[in-house]
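So the structure is just underneath, and the comments pick up after that.
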Amino acid sequence: MRVFKFGGASVKDANGVKNLIAVLEQVGHANTIIVVSAMGKTTNALELVVGCYFNDKREVQSAIQDVVDYHNTIMLALFENTNHPVFKVTSDLIEELKNFLNTNKSPDYNFVYDQVIGFGELLSTTIISQYLSLIEIDNNWVDVRQVIKTDDYYRNANVNWETTQQLVSKNIDSKKLNVTQGFLGSDKNNFTTTLGREGSDYTAAILAYCLNANDVTIWKDVPGVLNADPRHFKQTQLLNSISYTEAIELAFYGASVIHPKTLQPLQRKEIPLYVKSFLNPKAPGTVVNKTEGVIPLVPCFIVKQNQVLLSLSTLDFSYIVEDNISEIFNLLSKYKMKVSVIQNSAISFSVCFDNNYNNLEHLLLHLKAKFKVTCNTGVSLYTIRHYNEKSVIDLEAGKTVLLKQMFQETLQIVTK
């Protein structure tokens, strides 16, 4: 059994869907499950629907229509005949979305977000499954919400592994080609949950673990895992192989090519993870497996943008001790801040984090009651794994460094 994951960029239009088929034809599709993300920027478009729902309900229908028009354009290019069943199935999904928004009583943004956002994956996999059938490739469409069960921590749900294992084994026929959604699960009340942004990679790993898959392949628009994101760094180099441990380190620090939670279940069963290009499917790409370090050994650069850097000191200039640190972390946890870097001295404490849930103002109100607080928003966090002197000098050139931390293999700086 193999698990393939295709991201939104790979199926952003009709040609992308056809290229997915071309990949399958080149590498084979027997005993395979395909995990697919929402097409193109659909997740962003559905986030706009959620925003309109809470802030300007008059614009909800228009925002939904943009989603409909985008997918209709793709379907018309693939199916040509508007009488094809795919148009009815996708129309029913849109009606289900509208019905939820019309009847929902919950004021919880995170709950509403998950119920709305999942329609992107449902639409994409429906279209791809129907197109596979059209060109006579037999496949089985799987609603991943019926097999991956989670708690109700909406937008970043935790997997119930025991129940998920049972449902995957029962409902997925590993002898067939299966098409399912990334990113999604459901709670005990069958409400949709999501596994965190970029969670489709994690979905592939969950299914691979439960199915004892031979391997997982993530198909991307890059030749494999690079030593830096080409969107932010001019010169990049392909990494041929990476150990699980090294890949987990890179993911922890924010390497966007692999989701942070993806690697743990694969490592437990020593399932190799391949990262390959959907533009050149036969190229070797990068393999993550039970090996040592990274080959070739070069500096690896990671950047996280739009971070928040807080610097705290006590109002009476007393030491920052265990009680203070415990209180700070309790507040960070309460307001769902994902910490990236901490640094402390006798009388100061600095922390850099993501404000994904927009709770910064509430956090600051609590902290300012006890601490002197300096807040920098919109900062960038750079990490270099396996740094050398030249890589540090080049990275710091022209930047204002607010925080710097060096370890044996890792350097991190926060800059304006």
Side-chain angles (χ1 to χ4, degrees), residues 2-10 19-20 23 27 35-37 182-183 196-206 208-209 213-305 340 381-388 391 394-395 409-412:
R2 299 177 303 171
V3 181
F4 289 170
K5 181 263 178 175
F6 290 89
S10 67
N19 187 69
L20 182 153
V23 171
V27 302
V35 176
V36 187
S37 301
F183 187 43
R197 198 68 185 268
E198 308 299 334
S200 292
D201 292 357
Y202 187 37
T203 303
I206 294 167
Y209 179 90
N214 295 328
D215 52 60
V216 175
T217 302
I218 298 175
W219 296 98
K220 301 183 73 69
D221 57 356
V222 291
V225 178
L226 304 176
N227 73 320
D229 188 333
R231 294 172 297 180
H232 303 293
F233 298 89
K234 291 181 180 180
Q235 295 182 335
T236 60
Q237 187 170 347
L238 177 67
L239 304 178
N240 300 322
S241 70
I242 313 173
S243 69
Y244 290 117
T245 301
E246 182 64 31
I248 288 170
E249 290 280 1
L250 292 171
F252 172 80
Y253 289 114
S256 60
V257 75
I258 303 173
H259 190 278
K261 294 183 290 188
T262 298
L263 296 158
Q264 284 91 345
L266 299 180
Q267 184 183 27
R268 285 199 292 271
K269 290 193 175 180
E270 297 184 6
I271 299 171
L273 169 68
Y274 293 92
V275 181
K276 296 187 176 185
S277 170
F278 57 72
L279 302 174
N280 188 10
K282 290 295 184 69
T286 302
V287 61
V288 182
N289 57 12
K290 188 181 180 182
T291 184
E292 294 293 332
V294 55
I295 301 173
L297 184 60
V298 293
C300 297
F301 299 86
I302 302 160
V303 59
K304 286 185 177 181
Q305 297 180 317
S340 301
L381 168 63
Y382 291 91
T383 302
I384 312 178
R385 285 281 292 170
H386 313 297
Y387 63 90
N388 54 34
S391 65
D394 290 347
L395 182 63
E409 293 288 343
T410 305
L411 174 139
Q412 291 187 288

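Position 1 is the first residue of the sequence; numbering continues from there.
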> Any luck finding a side-chain donor-acceptor pair between Thr203 and Lys5 under 3.5 Å?
Replying inline: no
> Does any N or O in the side chain of Thr262 come within less than 3.5 Å of the main-chain N or O of Tyr202, such that one atom is a donor and the other an acceptor?
Replying inline: yes
> Is any side-chain heavy atom of Glu246 less than 4.5 Å from a side-chain heavy atom of His386?
Replying inline: yes
> Roughly how far, to the nearest 0.5 Å, is the OH atom of Tyr253 from the CD1 atom of Ile384?
Replying inline: 12.5 Å
>> Enumerate the salt bridge (Lys or Arg N to Asp or Glu O under 4.0 Å) contacts for residues 282-300, please, sequence neighbours excluded, ordered by first and then second residue.
In response: Glu270-Lys290
>> For Lys276, give me all partners under salt bridge (charged side-chain N to carboxylate O under 4.0 Å, His left out), at least two apart in sequence or on another chain.
In response: none
> Applying salt bridge (Lys or Arg N to Asp or Glu O under 4.0 Å), which residue pairs with at least one partner in residues 221-233 are found, sequence neighbours left out?
Replying inline: Asp229-Arg231
> Roughly how far apart are Leu297 CG and Arg385 CZ, rounded to 0.5 Å?
Replying inline: 10.0 Å
>> I'd like to know whether Lys304 forms a side-chain contact (heavy atoms from CB on, under 4.5 Å) with Thr383, so could you lay out the CA-CA distance, the side-chain angles of the two residues, the decisive distance to 0.1 Å, and finally the verdict.
In response: CA-CA 9 Å; Lys304 286 185 177 181; Thr383 302; over 6 Å; no
> Taking all atoms of both residues into account, what is the closest heavy-atom pair of Ala208 and Val216, and its distance?
Replying inline: CB-CG2, 3.3 Å
> Which atoms form the tightest heavy-atom contact between Gly285 and Leu238, and what is the distance?
Replying inline: O-CD2, 4.3 Å
>> Between Thr286 and Leu239 (side chain of the first, backbone of the second, donor and acceptor by atom type, cut-off under 3.5 Å), is there such a pair?
In response: yes
>> Can you confirm whether Thr217 sits close enough to Arg2 that some side-chain heavy atom of one is under 4.5 Å from a side-chain heavy atom of the other?
In response: no
>> Once rounded to the nearest 0.5 Å, what's the spacing between atom CG of Asn289 and atom CD1 of Ile242?
In response: 9.5 Å
> Under 4.5 Å between any side-chain heavy atoms of Asn214 and Ile271, yes or no?
Replying inline: no
> Can you name the salt bridge (charged side-chain N to carboxylate O under 4.0 Å, His left out) partners of Lys269, sequence neighbours left out?
Replying inline: none
> Looking only at heavy atoms, what is the nearest atom pair of Pro223 and Leu226, with distance?
Replying inline: CG-CD2, 4.1 Å
> Would you say Val288 and Ser243 make side-chain contact, with heavy atoms under 4.5 Å?
Replying inline: no
> Pro281 versus Trp219: any side-chain heavy-atom pair under 4.5 Å?
Replying inline: yes
> What's the spacing between Thr236 OG1 and Asn227 CG if we round to 0.5 Å?
Replying inline: 6.5 Å
> Should Phe278 and Ser10 count as side-chain neighbours, where that means a heavy-atom distance under 4.5 Å?
Replying inline: yes
> After noting the C-alpha distance and the side-chain angles of Ser200 and Ser37, does the key distance pass the side-chain hydrogen bond (donor to acceptor under 3.5 Å, both in side chains) rule?
Replying inline: CA-CA 6 Å; Ser200 292; Ser37 301; 3.0 Å; yes
>> Tell me the closest heavy-atom pair linking Val287 and Pro272, and the distance in Å.
In response: CG2-CB, 4.4 Å
>> Could you report the tightest heavy-atom contact between Ile258 and Ala251, atom names first, then the distance?
In response: O-CB, 3.8 Å
>> Return the CD1 to CZ distance between Ile302 and Phe252, rounded to the nearest 0.5 Å.
In response: 10.5 Å
> Can you tell me how far CG of Leu411 sits from OG of Ser391, rounded to the nearest 0.5 angstrom?
Replying inline: 7.5 Å
> According to the ring pair (Phe, Tyr, Trp, His ring centres under 6.0 Å) rule, which pairs have a member within residues 232-251, sequence neighbours left out?
Replying inline: Phe233-Phe301
>> Is there a side-chain contact (heavy atoms from CB on, under 4.5 Å) between Tyr387 and Leu395? Walk through the geometry before answering.
In response: CA-CA 10 Å; Tyr387 63 90; Leu395 182 63; over 6 Å; no
>> For Asp215, give me all partners under salt bridge (charged side-chain N to carboxylate O under 4.0 Å, His left out), at least two apart in sequence or on another chain.
In response: none
> Are the side chains of Pro296 and Asn240 in touch, meaning some heavy atoms are under 4.5 Å apart?
Replying inline: yes
